[in-house]
Amino acid sequence: MTHAKSADIAIERLMHTGLLTCTPDTPLREATERMASRRCSSILVMDNHQAVGIWTERDSLRLDLTRPDNLDLPIRRVMSQPVNSLPRHTPVSEAEQWFRQHQCRHLLVVDDDGLPIGMVSQTDMALKQGLEPYLSLRRIKEAMNASPLVLPGTLSLARAATELLSHNQDAAVVSCSPVQLGIITERDMVRCIARHPGNTPIGELASRPLLSVSPDDSLLHARDLLIDNRVRHLVVRQGNKVVGLVGFREIINGVEHRYLEQLQQALAQRDQALHSSRLNLQLAERVIEASLESIVVTDADNRIVFVNPSFTHTTGYSAEEVIGRTPAMLSSGRHDAAFYQSMWKTLHEQGYWRGEIWNRRKSGQLYLELLTITAIQDDNGNITHFAALFTDITHIRENEDKVRRLAYYDPLTGLPNRRLLEDRLELAIRHANRSKQHLAVIFLDLDHFKQVNDTLGHAAGDELLLDVSRRIRARLREDDTLARLGGDEFIVLLPELNETDEASRVARRLIDAIAEPFNIHEQPFRIGCSLGISLYPDDANSAEELLHHADAAMYQVKQEGRNDYRLFSRNMNRQQHQLLAMETALRYAVETGEGLSVHYQPQVSRAGRSLAGAEALARWHHPEFGQVSPAEFIPLAERAGLMVPLGMTLLHQVAAQQRRWMDMGMMPVPVSVNLSAQQFWQHNLLVQFRLLLAEHRLPAGLIGIELTESVLLDKQQQAIPLLYGLRELGCAIAIDDFGTGYSSLSYLQDLPVNSLKIDRSFIQRLGESRSSNAILAAVTGLARELEFKVVAEGVETEEQMQALDRYPVDLIQGYLTGRPVPADDFAEQWLNTVRCEG
């Protein structure tokens, strides 16, 4: 009998028909002795063939066992009433619900006339329901009483009854001795009440030895042990530890409830599955209709039976035009018979085929599709249909080609980029190694290309790069490779050289080609280039080293005057390593401030030679390289992208020094700091200056800036609000190296400039060149009309000083009036005599 069926049988199938009865006047002692001898858990109290009460093992726990005379009371005084009863045809499932709702363990079964015919208990439910399949699946630990009542063996029988009742337990583990456990149950209490006084220690009455099971044993195993040993409880042990009790009560409690819950869950899941199936079917139909993938279904003979709207959109054929025909109508003619034979072979062997295939639209246009065909089989394994899904990937392939081109080619010039160059170079090296030939790598860099961008704009710079690439390409062989690394850097790969001199001849041709005038914005323009050459296998055996050595040779040309070429030598490599080490050291110095300092060169009035201001000049001392000249580390900082952090480091050093001089009671003078183009064009320059002045608590007017003309060229309008913002913060603005740039003078009338600094090259030729005198006269006259101060830089002799008397020059700066010195020396020489009052 399955559990599902047992839940529907009538309760009379499980009841005990031999009822144990007594009258209401039967003494309690007699009733309990009869229950103990018959091993019954209850006795029915009858009066005139009517059940008026019931006395159970649980009721016996409520007696005051300290008074033996209580056992002489008539049973009507202590019996439970009324008696819970159910008709004999009540289903077992309703009986189980009754047990749970009324918290009782016995039910009287009555006939159609309401007369008692039997008794059913929870034990009967566990013994007779046919729960074996279900109980075999559940573990004892799922149902056991995990908090068993443990009583000492010295506890009295009366006290034990109270403990069982107060803890709502029908059994308790008894510690009979330190090494032995026993058990006492409600049935034991019935037996003991009739035969032993209430003060008897329960250690003498407990049943021993204990029958035990493991938490992981099945409930079916526990039930069988209970039946076979005619006991009602088992101890659950985990090793030597008692972790629970299990009896018929635990077995039956929740079994039917859990079963019904599972049954309800199963039914709910079934209903949900049916509902989901309907929704999924509707959803599948809508997805197929709305799918961007084209779907075709054919029968086993490859005749089309279904297409979705995307198929029509992709191919141009409507469903009416293709139903009943084969997909061969889409054939492009690009694939031969062998292609289709292989496709069908794979489809029948593996059940699916996936690949790319060219087909033709109704308009005749070819398109590339990614196609997946799946064979659909019935329950017998016979193919009934074929389902094909495809996507037009023509544009995807075109985009992939574009992406591939972007990955391997320079977007401006269309030349190979570094990635493709390295691939070709690796291949050329392997070929040269097999054929025992030479190859050359030429690193080409345009000279002063940055000035082209600064003066003519980036569009002109791009146009120049295109013209350069065309000229170089025209001077190379067909098998040579020209690549652009970025910016104004190009690489030429010359494979299969018979002699190394060929590389030198090519380099000379390239220099001559680039030296010819370019026509930029309809104006002639000239530019030079510097080339470095490395040879395989003479200079290196790998692509990386060849490129690195060619770069080192090109850099050597830059240092030696530009517009030439050099062959790589080992000495160049050492110089390159020296530069790399110096760059690393400079980067550390900028990050930490170690070794960086500021020297101050005074600016004095021409007439009285009194101190009017100073220029801050960066200095760098390194433990290994010693005192490094600004002519070395400033260009190095520009190449390494360190000008912005270097400039901010020096600004903070100058501001901090001004603050110290003020705290020492000195009256500092304005100090001007050179700003690079990168630092000036920062989006938050004004914010940084505000924070700088606030952090060091400096009044306005103590920090000024110097800018070269090239910083402002091509961006004069953008510079105007920025310069006015600096002026509002009290920063004086000077144009440094004035007269050496490429700009016209018209921008001066719009910019809020305070002073012009005449470049030292004009000062040094005073009296020697009429042109220098003329330029000086023009610049100073212009400055006077615009109400700018004029600072003469590089004044080194008295003769130069006297020559300046003819011009309206305001300030002098040079070795004649003072060399750049550290802050302490500058203060001692110039500031000690100027003290703040108070």
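On a predicted model such as this, the values are computed, not experimentally measured, just so you know.
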Quiz item: Checking Ser534 side chain against Leu546 main chain: does a donor-acceptor pair fall under 3.5 Å?
Solution: yes
Exercise. Let me see the working for Leu476 and Leu482 under side chain to side chain contact (heavy atoms under 4.5 Å, CB included), right down to the final yes or no.
Key: CA-CA 8 Å; Leu476 299 178; Leu482 172 63; 4.0 Å; yes
Exercise. Check the side chains of Gln437 and Ser435 for a donor-acceptor pair under 3.5 angstrom, ignoring hydrogens and angles.
Key: yes
Exercise. Would you check, one step at a time, whether the test side chain to side chain contact (heavy atoms under 4.5 Å, CB included) holds for Tyr536 with Leu425?
Key: CA-CA 11 Å; Tyr536 172 87; Leu425 183 53; over 6 Å; no
Identify each donor-acceptor pair in which a side-chain atom of residues 344-353 lies under 3.5 Å from a protein atom, sequence neighbours left out, and give them as a table.
{"residue": "Thr346", "atom": "OG1", "partner": "Ser342", "partner atom": "O", "Å": "3.0"}
{"residue": "His348", "atom": "ND1", "partner": "Trp344", "partner atom": "O", "Å": "2.9"}

Quiz item: salt bridge (charged side-chain N to carboxylate O under 4.0 Å, His left out): which pairs involve residues 618-633, sequence neighbours left out?
Solution: none
Quiz item: Between Arg361 and Thr314, is there a donor-acceptor pair closer than 3.5 Å when you use the side chain of the first and the backbone of the second?
Solution: yes
Self-check item: salt bridge (charged side-chain N to carboxylate O under 4.0 Å, His left out) against Glu560, all qualifying residues, sequence neighbours excluded
Solution: Arg566
Quiz item: With Arg587, which residues qualify under salt bridge (charged side-chain N to carboxylate O under 4.0 Å, His left out), at least two apart?
Solution: Glu583
Quiz item: Taking atom CG of Leu726 and atom CG of Leu707, what is their separation to the nearest 0.5 Å?
Solution: 8.0 Å
Quiz prompt | Test side chain to side chain donor-acceptor pair (under 3.5 Å) applied to Glu369 and Thr394, Thr315, Asn359, the passing residue | solution = Asn359
Practice problem: Classify the side-chain pair Tyr367/Gln365 by whether it contains a donor and acceptor separated by less than 3.5 Å. | Solution: no
Quiz item: Among all residues two or more places apart in sequence or in another chain, which pass the salt bridge (charged side-chain N to carboxylate O under 4.0 Å, His left out) test with Glu293?
Solution: none
Quiz item: Pairs in or reaching into residues 458-468: which pass salt bridge (charged side-chain N to carboxylate O under 4.0 Å, His left out), with residues at least two apart or in two chains?
Solution: Asp467-Arg470
Quiz item: Between CG of Leu389 and CZ of Arg354, what distance do you get to the nearest 0.5 Å?
Solution: 9.5 Å
Quiz item: If you count the non-hydrogen atoms of other residues, nucleotides and ligands that lie under 6.0 Å from NE2 in His335, is the total more than 12?
Solution: yes
Quiz item: Going from CZ on Phe443 to CG on Leu547, what distance comes out if it is rounded to the nearest 0.5 angstrom?
Solution: 8.0 Å
Exercise. Quick one: list whatever passes ring-ring contact (aromatic ring centres under 6.0 Å, His included) with Phe625, sequence neighbours left out.
Key: His622
Quiz item: In Å, rounded to the nearest 0.5 Å, how long is the span from OG1 of Thr708 to CZ of Phe680?
Solution: 10.5 Å
Quiz item: Measuring from Ile357:CD1 to Ile393:CD1, what's the distance to the nearest 0.5 Å?
Solution: 11.0 Å
Quiz item: How would you list all residue pairs meeting salt bridge (charged side-chain N to carboxylate O under 4.0 Å, His left out) that involve residues 531-543, not counting sequence neighbours?
Solution: none
Quiz item: Once you round to the nearest 0.5 Å, how far does CD1 of Ile442 lie from CD1 of Ile533?
Solution: 5.0 Å
Quiz prompt | Heavy-atom check, side chain of Leu464 versus side chain of Ile527, under 4.5 Å | solution = yes
Practice problem: Look at atom CZ of Phe339 and say whether more than 12 heavy atoms of other residues, nucleotides or ligands are closer to it than 6.0 Å. | Solution: yes
Exercise. Mind jotting down which residue pairs meet the salt bridge (charged side-chain N to carboxylate O under 4.0 Å, His left out) criterion with at least one end in residues 423-446? Sequence neighbours excluded, please.
Key: Asp445-Lys558
Exercise. Would you please test Lys757 and Glu706 for salt bridge (Lys or Arg N to Asp or Glu O under 4.0 Å) and show each step?
Key: CA-CA 9 Å; Lys757 300 187 72 173; Glu706 294 187 8; 2.8 Å; yes
Only pairs under 3.5 Å count here: list side-chain donor-acceptor contacts from residues 503-516, not counting sequence neighbours, and write none if there are none.
{"residue": "Arg505", "atom": "NH2", "partner": "Glu499", "partner atom": "OE2", "Å": "3.0"}
{"residue": "Arg508", "atom": "NH2", "partner": "Asp564", "partner atom": "OD1", "Å": "3.4"}
{"residue": "Arg509", "atom": "NH2", "partner": "Arg475", "partner atom": "O", "Å": "3.4"}

Practice problem: Without swapping roles, check the side chain of Asn308 against the backbone of Ser294 for a donor-acceptor pair under 3.5 Å. | Solution: no
Quiz prompt | Residues that Glu422 engages under salt bridge (charged side-chain N to carboxylate O under 4.0 Å, His left out), provided they are two or more places apart | solution = Arg418
Practice problem: For His431, enumerate each residue passing the ring-ring contact (aromatic ring centres under 6.0 Å, His included) test, keeping only those at least two apart in sequence or located in another chain. | Solution: none
